[in-house]
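Order of the sequence lines sets the chain letters (A, B, ...), proteins ahead of strands, with each chain counted from 1. Values below: all heavy atoms of this structure, side chains included; hydrogens, waters and symmetry mates excluded. Here the structure is a predicted model, which means the values were calculated and not measured.
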Protein chains: 2
Amino acid sequence: MPSKPAAPITIDAVYAAPGYLFRRMQQIAVSIFMEECKAFDLTPVQYAALIAIHAHPGIDATRLSAVIAFDRSTLGSVIERLQAKDYIDRRPAPEDKRIKLLYLTRPGAAILREIVPAVERAQARMLEPLKPADRKALMGLLVQLVDLNNEASRVPLRAEDALEHLGKAG
Amino acid sequence: MPSKPAAPITIDAVYAAPGYLFRRMQQIAVSIFMEECKAFDLTPVQYAALIAIHAHPGIDATRLSAVIAFDRSTLGSVIERLQAKDYIDRRPAPEDKRIKLLYLTRPGAAILREIVPAVERAQARMLEPLKPADRKALMGLLVQLVDLNNEASRVPLRAEDALEHLGKAG
DNA sequence: CCTAGATCGTAAGTATACTGTCAATCAATA
DNA sequence: TATTGATTGACAGTATACTTACGATCTAGG
């Protein structure tokens, strides 16, 4: 079998490349999120962090990064900003002086309740151009692919591992 | 019809959200790209910029940003880095003193030829966990979605508009 | 009990992504 | 032609994403 000919160096090859499409789609998703949620002064990352803290009060930053698959270093500044906005509270853990436990404040819980409908609108808008059946198909394939590629990312999702020690589910 | 009940605030809802999946997939894609291309000291963005300059020698930064749908402000520093590595050349346009025209240098053209196989491996790896038919389906849906959502992004792709004045095709 | 290795938070450094703003320049028009 | 308006590239500021490193702390082994 003859070796495959070298791919031509064209922009169209870039446009059709998975990596390019994922990047583009992410840009679009963030843009739509920010548009729908501009009244709330919360970024997608900050939103996910709030959700996770809401679901797991008293989680620490390292475990939080595993639960939402965010880079640990980045998360430090995300937490700082959420704290500056008074949406979360950071308390030292009595049994481990290294750890700081994260909790939603009352305003944090409130903004979360308020922003949810806007986030839902944003999520819907991202897929809106597709036919309903195609939306389902795309999401199904993406869930599969992200899961199967989990270990390939620098910050794999480790929800279960991270939560083992918290002694609570989902 | 009763109004839809408020969505529960759970992490699983985040995991299934399009925005989260797009973000995750992008992280994975960049990670795989960097791994396959680590010998070349080129990021995905820098690679795309080189390809575009290769395809359109003498393009300026603003048009380049439209051709690859990158933010123009960001592109400034990308260009600086490519220039620092001696992969591109920036020359003032004689007929317009505001514009600086971009060209690949000889080393830039060389690295481009060399990196292409690694990039192809990276692109293939991103989809590898899926069955071939599913890869096709996913790419087809993504191409559609990115195209239909083009205007939703802050930096829409404007390949044709941008190239009109260059007097050459893609 | 005390050291070796792991873990937690933090910080510095690089790269992308976007928001503004600004001066220089060009183009179109009054 | 002289002013207006648009465009180009540059810069400042914020936010994410990742790397490496480092001190403080905890835990396990000897």
Side-chain angles (χ1 to χ4, degrees), chain A residues 19 22-24 26-35 38 41-49 59-66 68-85 90-102 153-156 161-162 165, chain B residues 19 22-24 26-35 38 41-49 59-66 68-85 90-102 153-156 161-162 165:
Chain A
F22 293 138
R23 169 183 305 273
R24 210 66 197 92
Q26 220 266 316
Q27 287 178 335
I28 290 165
V30 170
S31 177
I32 291 176
F33 182 102
M34 294 306 281
E35 206 176 305
K38 59 172 175 282
D41 188 32
L42 270 188
T43 66
V45 165
Q46 289 167 13
Y47 170 76
I59 197 171
D60 61 282
T62 296
R63 253 159 275 277
L64 178 58
S65 91
I68 50 185
F70 284 174
D71 178 74
R72 176 66 193 78
S73 300
T74 306
L75 199 53
S77 50
V78 174
I79 287 172
E80 264 177 28
R81 277 171 224 122
L82 287 174
Q83 200 173 12
K85 294 179 196 173
R90 210 138 57 130
R91 299 205 280 271
E95 75 283 5
D96 189 336
K97 288 175 195 165
R98 293 170 304 178
I99 295 179
K100 295 178 182 173
L101 305 179
L102 304 171
S153 72
R154 303 294 169 120
V155 186
D161 293 10
H165 312 291
Chain B
F22 293 137
R23 168 182 305 274
R24 224 35 215 106
Q26 219 267 316
Q27 287 177 335
I28 290 166
V30 170
S31 176
I32 290 176
F33 183 103
M34 294 306 281
E35 205 177 305
K38 59 172 176 282
D41 188 32
L42 270 189
T43 66
V45 166
Q46 289 167 12
Y47 170 76
I59 197 171
D60 62 283
T62 296
R63 254 159 274 275
L64 178 58
S65 91
I68 50 185
F70 285 173
D71 179 73
R72 210 171 48 138
S73 299
T74 306
L75 200 53
S77 49
V78 174
I79 287 172
E80 264 177 27
R81 278 172 223 120
L82 288 174
Q83 199 173 13
K85 293 179 195 173
R90 211 139 56 131
R91 299 205 281 272
E95 75 282 4
D96 189 335
K97 288 176 194 165
R98 294 169 304 179
I99 295 179
K100 295 179 181 171
L101 306 179
L102 303 172
S153 73
R154 303 293 169 120
V155 186
D161 293 10
H165 312 291

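Residue Ile68(B) holds its CD1 atom at 12.0 Å from OH of Tyr47(B), rounded to the nearest 0.5 Å. One finds the NZ atom of Lys85(A) at 5.0 Å from the CG atom of Leu42(A) (value rounded to the nearest 0.5 Å). Rounding to the nearest 0.5 Å places CZ of Arg91(B) at 14.0 Å from CG of Asp60(B).
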Worksheet item: side chain to side chain contact (heavy atoms under 4.5 Å, CB included) between Val78(A) and Phe70(A): does it pass, once the steps are laid out?
Response: CA-CA 10 Å; Val78(A) 174; Phe70(A) 284 174; 5.8 Å; no
Worksheet item: Can you list the steps and then say if Thr43(A) with Val30(A) is a side chain to side chain contact (heavy atoms under 4.5 Å, CB included)?
Response: CA-CA 8 Å; Thr43(A) 66; Val30(A) 170; over 6 Å; no
Item to complete: Evaluate the criterion side chain to side chain contact (heavy atoms under 4.5 Å, CB included) for residue pair Leu102(B) and Arg90(B); output intermediate values, then yes/no.
Response: CA-CA 5 Å; Leu102(B) 303 172; Arg90(B) 211 139 56 131; 3.2 Å; yes
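Look at CD on Glu35(B): it is 14 Å from C1' on dC18(D), rounded to the nearest Å. Here dG9(D) presents its P atom at 13 Å from CD of Gln83(B), a figure rounded to the nearest Å. For Arg63(B) and dA6(D), the CZ to C1' distance is 13 Å, given to the nearest whole Å. Straight-line distance from the CZ atom of Phe70(A) to the C1' atom of dA15(D): 12 Å, rounded to whole Å. Look at CD1 on Ile28(A): it is 15 Å from C1' on dC18(C), rounded to the nearest Å. Put simply, CZ on Phe33(A) is 15 Å from P on dC18(C), counting in whole angstrom units. Here the P atom of nucleotide dG20(C) and the CG atom of Asp71(B) are 12 Å apart, to the nearest Å. Per the geometry, CE belonging to Met34(A) stands 11 Å off P belonging to dC18(C), to the nearest Å.
Between dC8(C) and Arg72(A), no contact under 4.0 Å exists linking OP1 or OP2 to a side-chain N or O. OP1 or OP2 of dT16(C) lies within a sub-4.0 Å distance of a side-chain N or O belonging to Thr43(B). When the side-chain nitrogen and oxygen atoms of Gln46(A) are compared with OP1 and OP2 of dT16(D), one or more of them lie within a distance under 4.0 Å. Under 4.0 angstrom from either OP1 or OP2 of dT14(C) there lies no side-chain N or O belonging to Arg81(B).
Counting any heavy atom pair closer than 4.0 Å across all strands shown, Val30(B) reaches no nucleic acid atom.
Heavy-atom minimum distance, Ala61(A) versus Arg72(A): CB-NH2, 3.6 Å.
Between Gln27(B) and Gly76(B), it is Gly76(B) whose nearest contact on DNA chain D lies nearer the 5' terminus. If Asp41(A) and Ala61(B) are placed on DNA chain D by their nearest nucleotide, the residue sitting closer to the 5' end is Ala61(B). When the nearest nucleotides of DNA chain C are assigned to Lys85(B) and Ala69(B) by heavy-atom distance, the more 5′-ward of the two goes with Lys85(B). Of the residues near DNA chain C, Ser73(B) and Arg90(A), the one whose nearest nucleotide (by heavy atom distance) lies more toward the 5' end is Arg90(A).
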Please list, for nucleotides 25-27 of chain D, all pairs of protein and nucleotide N/O atoms separated by less than 3.5 Å.
{"unit_1": "dT25(D)", "atom_1": "O2", "unit_2": "Arg98(A)", "atom_2": "NH1", "d": "3.3"}
{"unit_1": "dC26(D)", "atom_1": "OP1", "unit_2": "Lys97(A)", "atom_2": "N", "d": "2.5"}

